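Note that this is a predicted model, so its numbers are computed, not measured. Along the sequence shown, the residues carry numbers beginning at 1.
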Amino acid sequence: MLAAASRTRHTVLSLAMPFLLPTATTTVATNHSPLFCSSPHRQNPSPGLRLPLPSPPPPAPRLPLFSAAPLLPLQPRQGMTSLAVSSAAAAAAEVTHLTQRDAAEIDEKLMGPLGFSVDQLMELAGLSVAAAVAEVYKLSEHTRILIICGPGNNGGDGLVAARHLYHFGYRPSVCYPKRTPKPLYSGLVTQLESLAIPFLAVEDLPEDLSREFDIIIDAMFGFSFHGTPRPPFDDLTQRLVSLSHIGSSEKRAAIVSVDIPSGWHVEEGDVDGAGIKPDMLVSLTAPKLCAKKFTGPHHFLGGRFVPPPILSKYGLQLPPYPGTSMCVRIGKAPTVDISSLRENYISPELLENQVMPDPFDQFIRWFDEAVSAGLREPNAMALTTVNKEGKPSSRIVLLKGVDKQGFVWYTNYGSHKARDLSENPNAALLFHWNEMNRQVRVEGSVQKVPEEESEKYFHSRPRGSQLGAIVSKQSSVIAGREVLQQAYKELEQKYSDGSVIPKPEYWGGYRLKPTLFEFWQGQPSRLHDRLQYSLHEVDGSKTWHIERLAP
């Protein structure tokens, strides 16, 4: 298989060479590329190294008290799940940078004995690029994308990225002036044409690319490129060079380079300082040495399919990928102007004639939709309490039941929140379902649930959680974590025979009985929908009154 792959690469070399002007230092003998970087010299793409994919997380559990409800139509999310949680750790980690030789050898091994196919690796490469773009450039502000594709693997990665970006909700266009007459590439073109993604000729591109595009993806040449590009890639490269030198105060399209900024030396980078200055670099497999010269604000690594033998042989240090993401931020995280952080929410309207007359029914409907959308811990809620001196405090707790009597959670009766509630039994809850642009506020009075209810729930918990509830004197000062660990170990030994673990007297549940609900739905230009339910007494009976609040 390895020999066959090598022969295919050398065949492509002859196809690619007409588009290159050889220089005195040009060498053609080596035609290897790491899996994720693409080049006009290669037919067999070399996607980047990957880590084994983790098992997908289990679906969020449903609360037993919640009944099914019809789903409201949901808008697609404005971008991929955020990677910020792991960005700091990844940015601080030391990441291996590959020489051209090592990148070529890794390519050979992945394409040979490790059994990766060309189209499989190209698919993973393009998906990684699309995921990185969607992580930084949100749909609300960057919709129109131009992907400039070269004749080799780098161009193939761009074609795949175009398809994924389309399905993410972006509006991609493709400039693919020198098409490779191979079935793999022809198939990718057919896929894009079936989605009505426009293909633009070089002469049809606007002189000012920023006028019609928010993002330009540079997928022209990869790390095995040598020499000076021939037309039309020389002109396209210079147009990106000119674009990248426009001042930050002027509106211009962002430039995203795939694996190597086109025209850069794979190890020395932008040698004369006159090359493309991308805003984002998406390294594939592992960053190449030239990536050390990248000074843009966004550097991502894409892939996550490197088997342990490759990691071990080349001593690769690669950051962990968050969750199920195909990309991870590396390098220094960009400095952010906090005042400029904003989202323009796109959501269905929340109208009075669409909501349920009873706020509990409306809450259950929204909660069911949050569960169906696969949100992580949709039952997480901020609980705000106030002590007798009027000092508020908030923390996240987990909702463990809801019915027409109220919202239930469990805790230690000696905790800070419990002390507040003993002094002031009024509290507020806040559910924030960010991915759905939704919030629910609930206010009311709080009381302890009956002891038998707390007992039943306590014994439904995993035994480890039961032991933890006994060990922790919540909110009290302790000498160190080892105190908890030692106490837990002793209890674990005490109940190692599987006997029933008694619920401590200082642990149980609370129920908040609402007097007010507010359902919030984010909307464009901060004209958010806010529908408030308040409890009114009419003719001796209590009813819920719905009114709209200004955003």
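Side-chain contact, D218 with S262: a donor N or O sits under 3.5 Å from an acceptor N or O. Side-chain contact of S347 with Q521: a donor-acceptor pair under 3.5 Å is present, judged by distance alone. For the residue pair N344 and S140, no side-chain donor N or O sits within less than 3.5 Å of a side-chain acceptor on the partner. Side-chain contact, R329 with H299: no donor N or O sits under 3.5 Å from an acceptor N or O.
In this structure R171 satisfies the side-chain hydrogen bond (donor to acceptor under 3.5 Å, both in side chains) test with no other residue, sequence neighbours excluded. Scanning for side-chain contact (heavy atoms from CB on, under 4.5 Å) contacts around Q191 gives R163, L188, with sequence neighbours left out. Partners of R530 under the side-chain contact (heavy atoms from CB on, under 4.5 Å) rule, at least two apart in sequence or in another chain, are E518, W520, L549. R101 pairs by the salt bridge (charged side-chain N to carboxylate O under 4.0 Å, His left out) definition with E105, not counting sequence neighbours. In this view, T384 and S394 satisfy the side-chain hydrogen bond (donor to acceptor under 3.5 Å, both in side chains) rule, not counting sequence neighbours.
Seen from the ring of F199, R179 counts as a face-on cation partner, given the 6.0 Å and 45° thresholds.
With respect to D279 and R252, a salt bridge is recorded, a charged nitrogen being found less than 4.0 Å from a carboxylate O.
Annotation for E203: atom CD counts as buried by contact number, over 12 foreign heavy atoms lying within 6.0 Å. Atom OH of Y166 has 12 or fewer heavy atoms from other residues, nucleotides or ligands within 6.0 Å.
Taking the side chain as every heavy atom from C-beta outward, P348 and Q354 never approach each other to under 4.5 Å.
Here I260 contributes atom CD1 and L289 contributes atom CG; the two are 9.5 Å apart, rounded to the nearest 0.5 Å. A distance of 13.0 Å separates CD1 in I147 from OH in Y176, rounded to the nearest 0.5 Å.
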- request: Carefully, step by step, assess Q317 and H97 under the rule side-chain hydrogen bond (donor to acceptor under 3.5 Å, both in side chains).
  value: CA-CA 9 Å; Q317 297 293 323; H97 287 68; over 6 Å; no
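Classified by interplanar angle (parallel below 30°, tilted 30° to 60°, perpendicular above 60°), the ring pair W433/W366 is perpendicular.
Among residue pairs with one or both ends in residues 260-274, those qualifying as salt bridge (charged side-chain N to carboxylate O under 4.0 Å, His left out) are D270-K277; sequence neighbours excluded.
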